[in-house]
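Below: the structure, in structure tokens.
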Amino acid sequence: MSKKLINAFTEMREEDALKITQDMLDAGTSPNDILKACRTALDAIGKRFEEGAYFLPELMLAGEIMTQITEIVKPKLAETPESERHGKVLIGTVAGDIHDIGKNIVSFMLDANGFEVLDLGVDVPPKKFVKAIKDFKPQVVALSGFLTLAFDAMKDTVAAIESAGQRDKVKIMIGGGQVNEEIKEYAGADGYGKDAMAGVSLAKKWVDHK
Ligand code: B12
């Protein structure tokens, strides 16, 4: 059924994609497998956009479909929420980038796994992260970004945290679309997570071992 979802999503058949998602959940498919199928579809959509076969409206519709699918799978993702709070995580999409679907999933999964999360939203300038670190006092800062442009914004954000004398107070993780281990080194972050669960694991490791 994953293939059906990938096809419907890639071809922008919104209603079909939502119905197939629900059918998959009803048939016992794990929400993570559904999200994986969506990632494949989004990669295909991104490719069509690069090739000029899809345009901005398609990209926007893809975002809407993805948001709706996330809403459908959310209750299943959080079926075993933890009541004990682990610690605080500050999250946001870095300056110049407005992609927030991936960030919202990370934020939701952190919350469902017992973290107190402060979400600063999208296009967050470094100084806003710095101020929130001082006020909210998180143990972990999570930076999201989907554009290659976000790599420098992540680096600038880490540098601003450092200049403000806050670098040793927080662990910083990064993630999103094109981000990888190399970008982690480039930005000077402490960890990179390929998906929301990887982010949760990093945050747990850092907070529980402090
Ligand atoms: C939907 C979409 C949009 C929507 C976003 C809607 C929204 N509310 O977010 C809209 C239409 C607004 C948009 C706009 C643009 N977009 Co766009 N977009 C996409 C698309 C198709 C999907 C992105 C997405 O939402 N993925 C869904 C999530 C769930 O993906 P995910 O990776 O699985 O998420 C997981 C991980 O990344 C991880 N994660 C995420 N953040 C973090 C953080 C931490 C700390 C951790 C640990 C983990 C983590 O956890 C997530 C959940 O498991 C991508 C293509 C693609 N393949 O991704 C292009 C894409 C990212 N966009 C692209 C472009 C070019 C643009 C525009 C510049 C287009 C334009 N000409 O205006 C603008 C940029 C505007 C801006 N300033 O940001 C390019 C970027 C190319 C590049 N090299 O920079 C892409 C790659 C498309 C392409 N192939 O050309 N876009």
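Read the numbers this way: they start at 1 and go in the same order the structure lists the ligands and their atoms.
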From the list V73, I69, T21, side chain to side chain contact (heavy atoms under 4.5 Å, CB included) with P31 holds only for V73
The one among [options] that brings a heavy atom closest to [atom]:
{"atom": "atom 39 (N) of ligand 1", "options": "G176, A196, A189", "result": "G176"}
{"atom": "atom 28 (C) of ligand 1", "options": "G102, G177, A198, S144", "result": "G102"}
{"atom": "atom 32 (O) of ligand 1", "options": "F146, F108, Y192", "result": "F146"}

Nearest-0.5 Å distance that lies between atom [atom1] in [X] and atom [atom2] in [Y]:
{"X": "D111", "Y": "E116", "atom1": "CG", "atom2": "CD", "answer": "9.5 Å"}
{"X": "W206", "Y": "K171", "atom1": "CH2", "atom2": "NZ", "answer": "6.5 Å"}
{"X": "I20", "Y": "L25", "atom1": "CD1", "atom2": "CG", "answer": "12.5 Å"}
{"X": "H99", "Y": "L59", "atom1": "NE2", "atom2": "CG", "answer": "6.0 Å"}

Any protein heavy atom at under 4.0 Å, with [atom] as the reference point?
{"atom": "atom 54 (C) of ligand 1", "value": "no"}
{"atom": "atom 10 (C) of ligand 1", "value": "no"}
{"atom": "atom 61 (C) of ligand 1", "value": "yes"}

Transitively linked via ILVMFWY side-chain contacts under 4.5 Å: V122 with M66?
no
Joint hydrophobic cluster, L147 plus Y192, side-chain heavy atoms closer than 4.5 Å
no
[X] versus ligand 1: do any nitrogen or oxygen atoms come within less than 3.5 Å of each other?
{"X": "I98", "answer": "yes"}
{"X": "D100", "answer": "yes"}
{"X": "L149", "answer": "no"}
{"X": "G46", "answer": "yes"}
{"X": "D43", "answer": "yes"}
{"X": "K47", "answer": "no"}

Please check: side-chain N/O of [X] versus main-chain N/O of [Y], any donor-acceptor pairing under 3.5 Å?
{"X": "S144", "Y": "G176", "value": "no"}
{"X": "D97", "Y": "F146", "value": "yes"}
{"X": "S107", "Y": "K103", "value": "no"}
{"X": "Q22", "Y": "K19", "value": "no"}

For [atom], the protein heavy atom that lies nearest, with its residue and separation:
{"atom": "atom 81 (C) of ligand 1", "answer": "Q178 NE2, 4.1 Å"}
{"atom": "atom 79 (C) of ligand 1", "answer": "L147 CD2, 4.4 Å"}
{"atom": "atom 70 (C) of ligand 1", "answer": "L56 CD1, 3.8 Å"}
{"atom": "atom 83 (N) of ligand 1", "answer": "T148 OG1, 3.2 Å"}
{"atom": "atom 33 (O) of ligand 1", "answer": "R39 NE, 2.9 Å"}
{"atom": "atom 21 (C) of ligand 1", "answer": "L59 CD1, 3.6 Å"}
{"atom": "atom 46 (C) of ligand 1", "answer": "G175 CA, 3.7 Å"}
{"atom": "atom 26 (N) of ligand 1", "answer": "L42 CD1, 3.4 Å"}

Which of the atoms in ligand 1, numbered in the order shown and given with their element, are less than 4.0 Å from a heavy-atom of [X]?
{"X": "I101", "value": "7 (C), 8 (N), 9 (O), 25 (O)"}
{"X": "G199", "value": "47 (C)"}
{"X": "G63", "value": "1 (C)"}
{"X": "D97", "value": "78 (O)"}
{"X": "G193", "value": "46 (C), 47 (C), 48 (C)"}
{"X": "E50", "value": "88 (C), 89 (N), 90 (O)"}
{"X": "M60", "value": "11 (C)"}

Is any NZ, NE, NH1 or NH2 atom of the basic residue among [X] and [Y] found under 4.0 Å from an Asp or Glu carboxylate oxygen of the other?
{"X": "E51", "Y": "R48", "value": "no"}
{"X": "D190", "Y": "R167", "value": "yes"}
{"X": "E50", "Y": "K47", "value": "no"}

Give the contacting part of [X] toward ligand 1: side chain, backbone, both or neither, where contact means a heavy-atom distance below 4.0 Å.
{"X": "I105", "value": "side chain"}
{"X": "D123", "value": "neither"}
{"X": "L35", "value": "neither"}

Identify the two heavy atoms, one from [X] and one from [Y], that lie closest to each other, and give their separation to 0.1 Å.
{"X": "M109", "Y": "N113", "value": "O-ND2, 2.7 Å"}
{"X": "A203", "Y": "V89", "value": "CB-CG2, 4.5 Å"}
{"X": "I65", "Y": "M12", "value": "CD1-CA, 4.4 Å"}
{"X": "G92", "Y": "D119", "value": "CA-OD1, 4.5 Å"}

Should the heavy atoms of other residues, nucleotides or ligands under 6.0 Å from CD of E15 be counted, would the total exceed 12?
no
Write the atom name of the N, O or S atom in H99 that is nearest atom 17 (Co) of ligand 1.
NE2
Work out whether the distance between some heavy atom of [X] and some atom of ligand 1 is less than 4.0 Å.
{"X": "K194", "result": "yes"}
{"X": "G96", "result": "yes"}
{"X": "V106", "result": "yes"}

